[in-house]
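Protein chains get the first letters and strands the later ones, always in sequence-line order, with residue 1 at the start of each. Note that this is a predicted model, so its numbers are computed, not measured.
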Amino acid sequence: MNLNIAFFGTSDRATPLLEALNGDPQLNLKLVVTKTDRKMGRHQKLKPTQVKEWAEKHNIAKFELKNQRDFQKKEKALLRELSKQRIDLIIVADFGFMVPETLIQTYKGKIINVHFSLLPKYRGANPVQAAIINGDKETGITFILMEEGLDSGPILHQIKHPLTKKETTGMLYKELFDLAAKRLPETVKKYANQELTPQQQDDSKAEIYYSPSHPKSTYIYKEDAKINWNETPQQIEQKIRAFNPWPIAWTTLEALEHNEKLEDLALREGVDASLRVKIFSAEVVEKEMAEAGSKKSKLIPKTIQVAGKKKTSWENFKNGYAKK
RNA sequence: CGCGGGGUGGAGGAGCGGUACCUCGUCAGGCUCAUAAUCUGAAGACCCCGGUUCGAAUCCGGGCCCCGCAA
């Protein structure tokens with residue numbers, strides 16, 4: 001058996017998958033489809049995605065897309081390229097684009113989507129974040145066949161992964177990508193040998209986590225990372241982990257002052273209370289209340305960063321900013 | 001050259017033309033059965049190079065580094 005494979009992906013964490021595909025003697029990675037270079041970073045420099053860099057380094061043909069509209073426009077060209085390369089199977093992982101209909105239909109049953117949740121739970125673009133935000137005990141990976149609906153295709157293989165309630169999105173993505181890379185080649189080959197029977201998803205159990213700021217979208221937005229102090233310390237802490245490494249949960253200095261959810265803090269005079277503060281990590285602590293013997297949970301930040309300053313610990317931050 | 005903020009003792013911050021201050025830490029000593037508690041004392045700093053000035057951490061020019069927005 002010898003299969004020609006195309007990989008659709010944009011995530012910088014996708015290299016383990018590329019390595020796994022490329023390293024299997026029965027699989028020929030022939031084409032990589034990814035995003036065009038983007039203006040990135042502090043000086044708006046044009047930078048290629050890591051998927052593209054990897055493809056160039058390994059001398060594998062690449063096909064670049066600027067945005068969704070560009071994808072529609074180039075769909076025919078891509079179809080030609082796919083047939084020219086005699087692609088048997090397409091692997092899609094953390095792609096960031098909706099695959100156009102014609103392509104899905106043309107390659108029906110030949111597109112495998114690597115999705116980072118236990119489908120039908122958390123369909124959409126933010127499955128990893130959603131599992132952390134909801135404080136789930138486990139999540140995982142699902143290999144599905146792509147069809148028109150949003151992550152709704154039949155399941156080929158599913159792998160569970162326990163959660164420790166400590167992981168950030170960045171850490172969990174890495175773990176899941178590594179896990180996916182380990183299982184991807186054999187899953188692909190088994191499917192090609194018809195050893196796997198696709199199982200329909202139970203649509204009645206489907207869950208989708210929508211962006212609070214954009215209720216029709218499953219992407220994460222910067223606004224979502226603004227801390228809502230009406231939530232419980234646990235919820236806030238889960239979001240802090242979910243929004244790391246991007247966009248990073250944030251609030252303002254004035255929101256920290258005399259905040260019920262935190263230990264009491266008064267800012268020293270002269271500091272600009274409107275400055276933004278990023279909270280990279282925090283923990284929830286149960287505190288005995290003075291009387292009554294009741295307990296109340298408090299959020300204790302651990303690593304924070306005031307706009308324009310360096311990342312620092314909560315203790316150091318208090319030494320500099322709190323009134324004594 | 002996308003917009004903006006900043007580099008002050010070991011850490012985090014004030015000061016923004018004229019004796020360098022605060023919180024934490026460190027060291028010595030006191031008080032303690034004892035201490036991460038408390039008291040007294042001490043060491044230790046203005047990123048680099050030029051310029052303006054009687055005088056610069058503070059103003060100007062250049063360099064290196066860090067960060068927020070934006071993606």
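- To the nearest angstrom, P of C3(B) lies 14 Å from NZ of K45(A).
- Atom pair K309(A):NZ and G6(B):P shows a separation of 8 Å (rounding to whole Å applied).
- Cation-pi check for R13(A) over F177(A) is not met; the charged atom does not lie both under 6.0 angstrom from the ring centroid and within 45 degrees of its normal.
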All N/O donor-acceptor pairs, side-chain side in residues 17-35 of chain A, below 3.5 Å, sequence neighbours left out:
{"residue": "E19(A)", "atom": "OE2", "partner": "W54(A)", "partner atom": "NE1", "Å": "2.9"}
{"residue": "D24(A)", "atom": "OD1", "partner": "Q26(A)", "partner atom": "N", "Å": "2.8"}
{"residue": "D24(A)", "atom": "OD1", "partner": "K189(A)", "partner atom": "NZ", "Å": "3.4"}
{"residue": "D24(A)", "atom": "OD2", "partner": "K189(A)", "partner atom": "NZ", "Å": "2.8"}
{"residue": "N28(A)", "atom": "ND2", "partner": "N2(A)", "partner atom": "OD1", "Å": "3.0"}
{"residue": "N28(A)", "atom": "ND2", "partner": "N4(A)", "partner atom": "OD1", "Å": "3.2"}
{"residue": "T34(A)", "atom": "OG1", "partner": "G9(A)", "partner atom": "O", "Å": "2.9"}
{"residue": "T34(A)", "atom": "OG1", "partner": "T49(A)", "partner atom": "OG1", "Å": "3.2"}

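- A distance of about 8 Å separates the P atoms of C46(B) and G9(B), rounded to the whole Å.
- Look at CZ on R268(A): it is 9 Å from P on U23(B), rounded to the nearest Å.
- Y321(A) has its OH atom 11 Å from the P atom of G12(B), to the nearest Å.
- Inspection of the D224(A) and S213(A) side chains reveals an N or O donor paired with an N or O acceptor under 3.5 Å.
- When Watson-Crick and G-U wobble pairs are counted only if both distances are under 3.5 Å, U23(B) pairs with A11(B).
- Checked against a 6.0 Å centroid threshold, the rings of Y209(A) and Y122(A) do not count as neighbours.
- Spacing between A36(B) and A28(B) at atom P, rounded to whole Å, works out to 12 Å.
- The separation of G18(B) from G55(B), taken at their P atoms, amounts to 15 Å, rounded to a whole angstrom.
- One interatomic measurement links the two molecules: CG of D272(A) to C1' of G6(B), which rounds to 14 Å at whole-angstrom precision.
- If you take atom P in A34(B) and the same atom in A20(B), they sit 40 Å apart, rounded to whole Å.
- G4(B) and G61(B): their P atoms are spaced 14 Å apart (whole Å).
- Following rounding to the nearest Å, L275(A) (CG) and G68(B) (C1') show an atom-to-atom distance of 9 Å.
- Look at D136(A) and K121(A) and you find a salt bridge, because one of the NZ, NE, NH1 or NH2 atoms lies within 4.0 Å of a carboxylate O, short of that distance.
- One interatomic measurement links the two molecules: CH2 of W314(A) to C1' of G25(B), which rounds to 19 Å at whole-angstrom precision.
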Got a list of side-chain donor-acceptor pairs under 3.5 Å for residues 150-160 of chain A, not counting sequence neighbours?
{"residue": "D151(A)", "atom": "OD1", "partner": "N113(A)", "partner atom": "ND2", "Å": "3.2"}
{"residue": "D151(A)", "atom": "OD2", "partner": "G124(A)", "partner atom": "N", "Å": "2.7"}
{"residue": "S152(A)", "atom": "OG", "partner": "E147(A)", "partner atom": "OE2", "Å": "3.2"}
{"residue": "H157(A)", "atom": "NE2", "partner": "R183(A)", "partner atom": "NH1", "Å": "2.9"}
{"residue": "Q158(A)", "atom": "NE2", "partner": "L119(A)", "partner atom": "O", "Å": "3.0"}
{"residue": "Q158(A)", "atom": "NE2", "partner": "T142(A)", "partner atom": "OG1", "Å": "2.9"}

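- With both ends at atom P, the span from A43(B) to G10(B) equals 15 Å, rounded to whole Å.
- With P as the reference atom, A57(B) and G50(B) are 14 Å apart, rounded to whole Å.
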Where do N or O atoms of nucleotides 69-71 of chain B meet protein N or O atoms at under 3.5 Å, pair by pair?
{"residue": "C69(B)", "atom": "OP2", "partner": "K278(A)", "partner atom": "NZ", "Å": "3.3"}
{"residue": "A70(B)", "atom": "OP1", "partner": "K222(A)", "partner atom": "NZ", "Å": "3.0"}
{"residue": "A70(B)", "atom": "OP2", "partner": "K222(A)", "partner atom": "NZ", "Å": "3.4"}
{"residue": "A70(B)", "atom": "N1", "partner": "G41(A)", "partner atom": "N", "Å": "3.4"}
{"residue": "A70(B)", "atom": "N1", "partner": "G41(A)", "partner atom": "O", "Å": "3.1"}
{"residue": "A70(B)", "atom": "N3", "partner": "Q44(A)", "partner atom": "OE1", "Å": "2.9"}
{"residue": "A71(B)", "atom": "O2'", "partner": "K39(A)", "partner atom": "O", "Å": "2.5"}
{"residue": "A71(B)", "atom": "N6", "partner": "W246(A)", "partner atom": "NE1", "Å": "2.2"}

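- At the heavy-atom level, E269(A) lies nowhere under 4.0 Å from the strands shown.
- Comparing the C1' positions of C66(B) and C31(B) gives a spacing of 45 Å, expressed to the nearest Å.
- Cation-pi geometry between K311(A) and F280(A) is met: the NZ or CZ atom falls under 6.0 Å from the ring centre, inside 45° of the normal.
- If you check C59(B) for Watson-Crick or wobble pairing at under 3.5 angstrom, you find it paired to G51(B).
- When the nearest nucleotides of RNA chain B are assigned to F317(A) and G270(A) by heavy-atom distance, the more 5′-ward of the two goes with F317(A).
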Salt bridge (Lys or Arg N to Asp or Glu O under 4.0 Å) between D178(A) and K174(A), intermediate numbers included: CA-CA 6 Å; D178(A) 286 345; K174(A) 188 178 181 309; 3.0 Å; yes
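- For U40(B), the paired base is A28(B) (Watson-Crick or G-U wobble, both distances below 3.5 Å).
- Atom C1' of nucleotide G12(B) and atom CG of L253(A) are separated by 13 Å, given to the nearest angstrom.
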